[in-house]
Amino acid sequence: MIKSFLALAALASVALTAPVTNTSSYEFSGPSPYKSDGNLTKPLVKPYTPAGGINTNGTIPIYHPLSDFDYESLNLVVYQEYIELDLFEYGLKTFSAADFKAAGLNQEDRDLIQFMADQEVGHAKMVSNMLGEGAPKRCEYQYPFTNVSEFVDFCQKLTRFGESGVYGFLEHLDSRDAAQMLLQSITTEARQQLIFRQFEGLFPMPVWFEADITQSMAWTLLAPYIKSCPEGQPRIIFQNFPSLNVTNNPSGIDLKYPPAITHDRALSHPGMEVEFSWGKVGEHVGPNNSYVTNTTAGAPMYAAWISQLNTTYTELYDIKNNSAKTKQPNTQTYEGDPAVNGTMFILITDTDLFVTPANISQLNPHVVAGPALFQAG
Ligand SMILES: *[C@@H]1O[C@H](CO)[C@@H](O)[C@H](O)[C@H]1NC(C)=O
Ligand SMILES: *[C@@H]1O[C@H](CO)[C@@H](O)[C@H](O)[C@H]1NC(C)=O
Ligand SMILES: *[C@@H]1O[C@H](CO)[C@@H](O)[C@H](O)[C@H]1NC(C)=O
Ligand SMILES: *[C@@H]1O[C@H](CO)[C@@H](O)[C@H](O)[C@H]1NC(C)=O
Ligand SMILES: *[C@@H]1O[C@H](CO)[C@@H](O)[C@H](O)[C@H]1NC(C)=O
Ligand SMILES: *[C@@H]1O[C@H](CO)[C@@H](O)[C@H](O)[C@H]1NC(C)=O
Ligand SMILES: *[C@@H]1O[C@H](CO)[C@@H](O)[C@H](O)[C@H]1NC(C)=O
Ligand SMILES: *[C@@H]1O[C@H](CO)[C@@H](O)[C@H](O)[C@H]1NC(C)=O
Ligand SMILES: *[C@@H]1O[C@H](CO)[C@@H](O)[C@H](O)[C@H]1NC(C)=O
Ligand SMILES: *[C@@H]1O[C@H](CO)[C@@H](O)[C@H](O)[C@H]1NC(C)=O
Ligand SMILES: *[C@@H]1O[C@H](CO)[C@@H](O)[C@H](O)[C@H]1NC(C)=O
């Protein structure tokens with residue numbers, strides 16, 4: 001009954017959606033030099049060991065940055081790990097067991113959040129050890145929540161961009177060994193994000209693939225919550241794009257949906273009108289207000305929906321000063337997997353550049369503002 005209603009709603013909404021331009025498809029790939037017909041192309045290196053792979057021959061792993069790209073990316077990770085540690089501790093300290101109870105969460109749930117804080121100690125330590133004397137320190141933070149529900153909502157959002165921010169550069173690190181250990185911390189963080197969604201009464205994992213974003217996109221989302229950092233702190237080299245707000249963003253906080261393993265919920269739908277407002281170039285943001293927003297893009301033209309494997313563009317309309325509207329597209333990653341769902345990323349861009357997960361950084365010069373986190377489900 002509900003299913004057929006949703007199917008009808010989806011059909012009816014097709015006509016309502018804005019024109020979709022380039023939608024990336026990860027199967028849209030450059031030519032591969034390897035012929036994958038199931039047969040070996042080279043003799044085995046030794047028994048049970050196919051030829052190829054990187055550092056598979058007994059090389060000693062180097063768990064250190066091997067380039068500026070590695071250092072700057074890992075530096076950003078430590079900034080992220082420290083805010084997660086601080087956030088989880090702050091939530092437990094600020095809200096009492098009774099406050100948590102009123103939001104449907106018990107002492108064991110609080111203990112789980114404490115365990116997550118402990119995990120963050122380990123993550124910050126592991127990445128800091130890779131950076132050695134160049135590792136950043138813990139900062140002071142500012143948070144946009146006033147009660148437990150809003151705290152939990154903020155946690156599922158912060159861990160979303162923490163996770164996706166790493167996926168954007170992980171495969172590009174020069175140090176494959178550093179990437180290995182970082183991956184092992186991010187898979188833990190992915191579980192934290194899912195648990196906070198359950199604490200919020202959302203569907204825990206409404207997508208088939210988790211999206212990746214660039215370091216500059218992650219830093220744009222993170223910087224506003226860092227109030228100040230100690231003297232001598234290594235700075236972040238990545239860009240702060242002008243901030244982007246979805247002014248009619250759906251909220252996951254709803255008394256009808258208490259914490260649960262899962263609720264089948266949709267917070268937005270194809271054809272939904274989405275309204276944006278964004279900040280200016282030259283605004284001071286981040287630690288000690290010492291970072292300045294910038295963009296090298298031209299005039300705003302498109303909303304880029306970074307979701308799962310696809311980046312889909314919809315046209316903006318009612319573009320006025322630093323505000324515009326668009327409509328949620330009706331695209332699927334694979335058949336049966338609507339691309340837009342969960343806590344996902346939208347940017348304002350000057351072009352509908354075709355990008356796929358491994359070359360999404362090509363989009364940076366075209367970002368007018370954002371990303372914003374869009375609460376689609
Ligand atoms: C999104 O990417 C998938 C995977 O390549 C592709 O099959 C699908 O057609 C894309 N979606 C759209 C709407 O183009
Ligand atoms: C990104 O990669 C895809 C192949 O996956 C390619 O078709 C596209 O042109 C690339 N985009 C840019 C901006 O280089
Ligand atoms: C793969 O190996 C099998 C068995 O030797 C052979 O019959 C087949 O022709 C090979 N396929 C190709 C594409 O070379
Ligand atoms: C092992 O493989 C790496 C690349 O994967 C290569 O740079 C290195 O020279 C190889 N070492 C030996 C001893 O063959
Ligand atoms: C927290 O505030 C939101 C409004 O932002 C409200 O909807 C929610 O019910 C509140 N939660 C608790 C546990 O008080
Ligand atoms: C940032 O501000 C704090 C608090 O005023 C101060 O202690 C700290 O030294 C400043 N950090 C930098 C890098 O200037
Ligand atoms: C998002 O996923 C949830 C859970 O599977 C589902 O109920 C909802 O319909 C999905 N939203 C869209 C727009 O497909
Ligand atoms: C976006 O929302 C935040 C929090 O509500 C607010 O502080 C900021 O000024 C808004 N920015 C824009 C560009 O609307
Ligand atoms: C923005 O970046 C461009 C390119 O690096 C630079 O020329 C410009 O001065 C920057 N603007 C601001 C406000 O920092
Ligand atoms: C918005 O743009 C209009 C027309 O360009 C202009 O008259 C108005 O002053 C602008 N408003 C603001 C708040 O910048
Ligand atoms: C899609 O992207 C390509 C390359 O990024 C661009 O040339 C083209 O104009 C874009 N728009 C459409 C509708 O294909």
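The analysis underlying the following values was restricted to heavy atoms, covering all of them including side chains, and did not include hydrogens, waters or symmetry mates. Counting starts at 1 for both ligands and their atoms, in listed order. Keep in mind the model is a prediction, meaning the values are calculated, not measured.
Ring orientation note: the planes of Phe100 and Phe95 are nearly perpendicular, at an angle over 60° on the 30°/60° scale. In this structure, His263 and Tyr257 have perpendicular ring planes: the angle between them is above 60°, well past the 30° mark. Tyr143 and Tyr90 have tilted rings, their planes meeting at an angle from 30° to 60° on a 0 to 90° scale.
Ligand-side atoms of ligand 5 in range of Glu150: 2 (O), 3 (C), 4 (C), 5 (O), range being under 4.0 angstrom from any heavy atom. When each atom of ligand 2 is checked for a heavy atom of Thr356 under 4.0 Å away, the hits are 1 (C), 2 (O), 3 (C), 4 (C), 5 (O). Interface of Ser149 with ligand 5, defined as ligand atoms under 4.0 Å from a residue heavy atom, comprises 10 (C), 11 (N), 12 (C), 13 (C). Listed by atom number, the atoms of ligand 2 under 4.0 Å from Leu353 heavy atoms are 13 (C). Annotation for ligand 2: atoms under 4.0 Å from non-hydrogen atoms of Asn359 are 1 (C), 2 (O), 3 (C), 8 (C), 10 (C), 11 (N), 12 (C), 14 (O).
A salt bridge between Arg176 and Glu171 is present, with a side-chain N of the basic residue lying under 4.0 Å from a carboxylate O of the acidic one. Residues Arg160 and Glu210 are paired through a salt bridge, judged by an N-O separation under 4.0 Å between the basic side chain and the carboxylate.
In terms of polar-atom proximity, Phe354 is counted as a contact of ligand 2, with an N or O under 3.5 Å from an N or O of the ligand. Below 3.5 Å of separation, one finds no N or O of Gln362 facing any N or O of ligand 2.
For Asn147, every heavy-atom contact with ligand 5 shorter than 4.0 Å involves the side chain, none the backbone.
Distances shorter than 4.0 angstrom do not occur between any heavy atom of Val148 and any atom of ligand 5.
Under a hydrophobic clustering in which Ile, Leu, Val, Met, Phe, Trp and Tyr are joined whenever their side-chain heavy atoms come within less than 4.5 Å, directly or via other members, Ile186 and Leu131 fall into the same cluster.
Summarising the local packing, CD of Gln107 is surrounded by more than 12 heavy atoms from other residues, nucleotides or ligands at distances under 6.0 Å. By the 6.0 Å contact criterion, CE on Met205 is open, its count of non-hydrogen atoms from other residues, nucleotides or ligands being 12 or less. The local environment of CD1 in Ile319 is crowded, with over 12 non-hydrogen atoms from other residues, nucleotides or ligands closer than 6.0 Å. Heavy-atom contacts from other residues, nucleotides or ligands closer than 6.0 Å to CD of Gln184 number more than 12.
Within 4.0 Å of ligand 6, protein heavy atoms belong to Ser228, Cys229, Pro230, Glu231, Asn288, listed by chain and number.
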